[in-house]
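Remarks on the structure that follows.
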Amino acid sequence: MPGFELWGEDEKKQVNEVLETGILMRYGFDAPRKGIWKSVELEKAITQTFHCKYAQLTSSGTAALTTAMAALGIGAGDEVIMPSFTFVASFEAVLSVGAIPVLVDVDKTLTLNPEAVKKAITPKTKCVMPVHMCGSMANMDALQTICKEHNLLLLEDACQSIGATYKGQALGTIGNAGTFSFDFVKTITCAEGGAVVTNDATVYNNCDGFTDHGHDHKGIDRGADLHPFLGYNFRISELHAAVGLAQINRLQSFLAIQRKNHALLKSILATIPEVSFREIPDAVGDSCTFLSWFLPNENSTKAFVAIMKEQGILAGNFYWYANNWHYINQWHHLKEVKSLYNLHEAQKEALLKLQTQNFAASNAVMSCCISTSISLLWTEEQIKDKGEKMVAAIKRALR
Ligand SMILES: *Cc1c(COP(=O)(O)O)cnc(C)c1O
């Protein structure tokens with residue numbers, strides 16, 4: 001999965017070019033930076049790689065989500081429909097703009113169930129936010145139809161699925177806006193960083209200003225810039241952008257390795273009739289950062305985890321159902337409103353309601369699901385060995 005596995009000369013060269021000038025900030029200092037604009041270059045590379053009009057870099061994927069929400073005009077009291085299975089960053093961003101996360105069930109795609117989305121729509125719903133988890137995609141046709149019918153915004157959290165496509169379009173570029181993360185464990189990394197992508201000029205201009213204290217960036221003198229609206233500092237640095245630039249140039253080769261390794265491991269697990277695989281709305285678009293698969297029930301899945309743990313070979317196999325960071329079950333801080341500062345009443349009320357909301361449909365899927373992360377460094381021998389050990393553990397777990 002992660003780009004950090006293949007850190008090398010390209011990354012060092014890009015960073016060194018910035019270190020040579022000593023201009024570590026993305027804006028201003030035009031003369032001393034001697035033509036080195038890594039952030040601008042990376043934004044251009046993102047638009048070219050994913051065939052979208054605009055990209056705005058940010059300091060993280062979480063900042064990208066917050067920025068996208070602000071840029072789309074999502075704010076106090078607005079409801080954002082999102083899945084029960086995601087990384088905590090998705091709801092953190094919703095809360096950060098004063099909006100209300102409305103969590104709904106996932107299905108065997110491991111992302112939003114369109115029927116559950118429909119049922120959750122109220123007059124306050126402003127946005128539907130699918131999260132393309134573990135390298136693969138939500139059912140975008142169904143979600144787009146719902147958004148059009150109800151006049152809702154569609155914001156794609158594609159932080160885990162950079163390079164994946166749906167019917168030929170890059171994930172993140174299908175909705176009104178989308179986000180990528182370049183944190184250290186994502187498919188490509190900047191160490192820390194993120195991006196908002198969009199085809200909408202207004203949304204992009206909002207992102208451009210919002211991530212830099214509202215600067216309009218119209219002049220060459222930062223001090224004389226105007227501030228047409230409020231913003232924050234969610235800027236990326238030139239050092240981080242330099243790493244990202246080296247990595248995005250290697251993305252296609254990373255994806256090719258992932259797809260090859262994924263196919264081999266899948267063919268080994270597929271020899272067991274009781275194993276089934278994640279439903280993928282457009283299989284050719286899978287970025288293959290993970291192989292996600294199911295056992296027939298919760299008991300056999302838990303037994304598999306226990307057997308792998310006992311042998312010390314569980315690493316890289318994620319049982320999200322029991323994971324502290326990715327599934328509603330363990331988000332006690334959210335459900336108990338453990339906020340350091342006062343949230344507004346509508347937010348508190350919605351979060352407390354999560355304690356009694358029925359997530360049986362999500363539980364049925366997630367309790368039987370394992371995601372195996374696909375390494376870029378595996379040899380064919382290692383994959384076969386890993387696969388055989390997994391098969392043995394699965395067979396024992398099924399007894
Ligand atoms: C990683 C991630 C984020 C946030 O990205 P950071 O760069 O770590 O802030 C958001 N959503 C999902 C689904 C993620 O996996």
Side-chain angles (χ1 to χ4, degrees), residues 1-4 26 39 42-43 46 55-72 74-75 78 80-103 111 127-135 153 155-162 171-172 175-198 203 206-213 230-237 240-241 243-244 247 289 320 323-328 330-331 333-334 338-341 343 347 351:
M1 152 193 198
F4 76 77
R26 73 161 296 178
S39 306
L42 178 53
E43 284 168 348
I46 292 170
Q56 175 64 48
L57 286 169
T58 56
S59 49
S60 70
T62 312
L65 280 169
T66 297
T67 298
M69 300 222 185
L72 291 167
I74 297 166
D78 293 332
V80 177
I81 297 176
M82 54 167 282
S84 57
F85 171 51
T86 178
F87 182 53
V88 291
S90 309
F91 64 69
E92 288 168 357
V94 176
L95 292 172
S96 76
V97 295
I100 296 167
V102 174
L103 273 60
T111 177
C127 176
V128 176
M129 179 169 68
V131 184
H132 303 298
M133 285 300 277
C134 306
L153 294 165
L155 169 59
E156 297 173 78
D157 179 341
C159 288
Q160 290 200 7
S161 297
I162 196 162
L171 297 191
N176 299 87
T179 61
F180 297 135
S181 163
F182 304 118
D183 82 23
F184 201 53
V185 294
K186 295 304 203 287
T187 307
I188 54 174
T189 185
C190 291
E192 300 284 0
V196 182
V197 289
T198 182
V203 172
N206 289 347
C207 292
D208 175 59
F210 188 77
T211 51
D212 187 24
H213 304 293
L230 296 168
Y232 278 103
N233 177 1
F234 288 142
R235 292 186 305 253
I236 196 164
S237 83
H240 293 85
V243 177
Q247 289 258 306
T289 53
W320 307 115
N323 179 294
N324 282 349
W325 298 96
H326 294 83
Y327 188 58
I328 178 76
Q330 307 298 327
W331 293 341
H333 62 328
L334 179 72
K338 295 265 173 69
S339 174
L340 294 177
Y341 51 90
L343 301 183
Q347 284 182 312
L351 296 185

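By convention here, the first residue in the shown sequence is residue 1.
Between the side chain of Glu192 and the backbone N or O of Ser60, no donor-acceptor pair lies under 3.5 Å. Judged purely by atom type and a 3.5 angstrom limit, Asp78 uses its side chain to pair as donor or acceptor with the backbone of Gly75. In this structure, the side chain of Thr179 does not engage the main chain of Leu65 through any donor-acceptor pair within 3.5 Å. At least one donor-acceptor pair closer than 3.5 Å links the side chain of Glu156 to the backbone N or O of Gly172. Remark: the backbone N or O of Trp325 is not paired with any side-chain donor or acceptor of Gln330 at under 3.5 angstrom. Between the side chain of Thr66 and the main chain of Ala63, no donor-acceptor pair closer than 3.5 Å is present. Using modelled atom types, one side-chain atom of Asn206 and one backbone atom of Ala71 make a donor-acceptor pair closer than 3.5 Å.
We find the CE-CG distance between Met82 and Leu155 to be 11.0 Å, quoted to the nearest 0.5 Å. Taken from CD1 in Ile328 to OG1 in Thr86, the straight-line distance is 11.5 Å, to the nearest 0.5 Å. Note that CD1 of Ile81 is 12.0 Å distant from CD1 of Ile100, once rounded to the nearest 0.5 Å. Taking CE of Met133 as the reference point, atom NE2 of His326 lies at 5.0 Å (rounded to 0.5 Å). Distance SG/Cys207 to CG/Asp212: 12.5 Å, rounded to 0.5 Å. Between the CG atom in Leu95 and the CE atom in Met69 there is a gap of 9.5 Å [rounded to 0.5 Å].
Partners of His333 under the side-chain contact (heavy atoms from CB on, under 4.5 Å) rule, at least two apart in sequence or in another chain, are Val88, Phe91, Trp331, Lys338. Evaluation of the ring-ring contact (aromatic ring centres under 6.0 Å, His included) rule for Phe182 yields no partner, not counting sequence neighbours. Residues forming a ring-ring contact (aromatic ring centres under 6.0 Å, His included) with Phe4 (at least two apart in sequence, or on another chain): Phe184.
Partner Cys190 forms a side chain to side chain contact (heavy atoms under 4.5 Å, CB included) with one of Leu57, Leu42, Asp183 and no other, that one being Leu42.
Pairing each heavy atom of Ala177 with each of Val203, the nearest pair is CB-CG1, 4.4 Å. Between Ala64 and Gly194, the shortest heavy-atom distance links the atoms CB-C, 4.4 Å. Of all the heavy atoms in Ala99 and Ile74, the pair that sits closest is CB-CG2, 3.9 Å. Across every non-hydrogen atom of Ala241 and Ser39, the tightest pair is CB-OG, 3.5 Å.
Inter-residue side-chain proximity for Pro83 and Leu103 is flagged as unmet; no heavy-atom pair is nearer than 4.5 Å. In this structure the side chain of Ser90 reaches within 4.5 angstrom of the side chain of Asp157, judged on heavy atoms. At least one side-chain heavy atom of Gln160 sits under 4.5 Å from a side-chain heavy atom of Cys134. No side-chain heavy atom of Cys127 sits under 4.5 Å from any side-chain heavy atom of Asn176. At least one side-chain heavy atom of Phe180 sits under 4.5 Å from a side-chain heavy atom of Val197.
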Working for side-chain contact (heavy atoms from CB on, under 4.5 Å), residues Thr189 and Gln247: CA-CA 7 Å; Thr189 185; Gln247 289 258 306; 3.6 Å; yes
Take Leu230 and Phe210 through the side-chain contact (heavy atoms from CB on, under 4.5 Å) test and state the conclusion after the steps. CA-CA 7 Å; Leu230 296 168; Phe210 188 77; over 6 Å; no
Please determine whether side-chain contact (heavy atoms from CB on, under 4.5 Å) holds for the pair Ser84 and Tyr327, giving the CA-CA distance in whole Å, both sets of side-chain angles, and the decisive distance to 0.1 Å. CA-CA 6 Å; Ser84 57; Tyr327 188 58; 3.8 Å; yes
Please evaluate residues Thr211 and Thr58 with respect to the criterion side chain to side chain donor-acceptor pair (under 3.5 Å), reporting the C-alpha separation (whole Å), side-chain torsions for both, the decisive distance (0.1 Å), and the verdict. CA-CA 7 Å; Thr211 51; Thr58 56; over 6 Å; no
Please evaluate residues Asn233 and His213 with respect to the criterion side-chain contact (heavy atoms from CB on, under 4.5 Å), reporting the C-alpha separation (whole Å), side-chain torsions for both, the decisive distance (0.1 Å), and the verdict. CA-CA 6 Å; Asn233 177 1; His213 304 293; 3.4 Å; yes
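The pair Glu43-Arg26 counts as a salt bridge, with a side-chain nitrogen and a carboxylate oxygen less than 4.0 angstrom apart.
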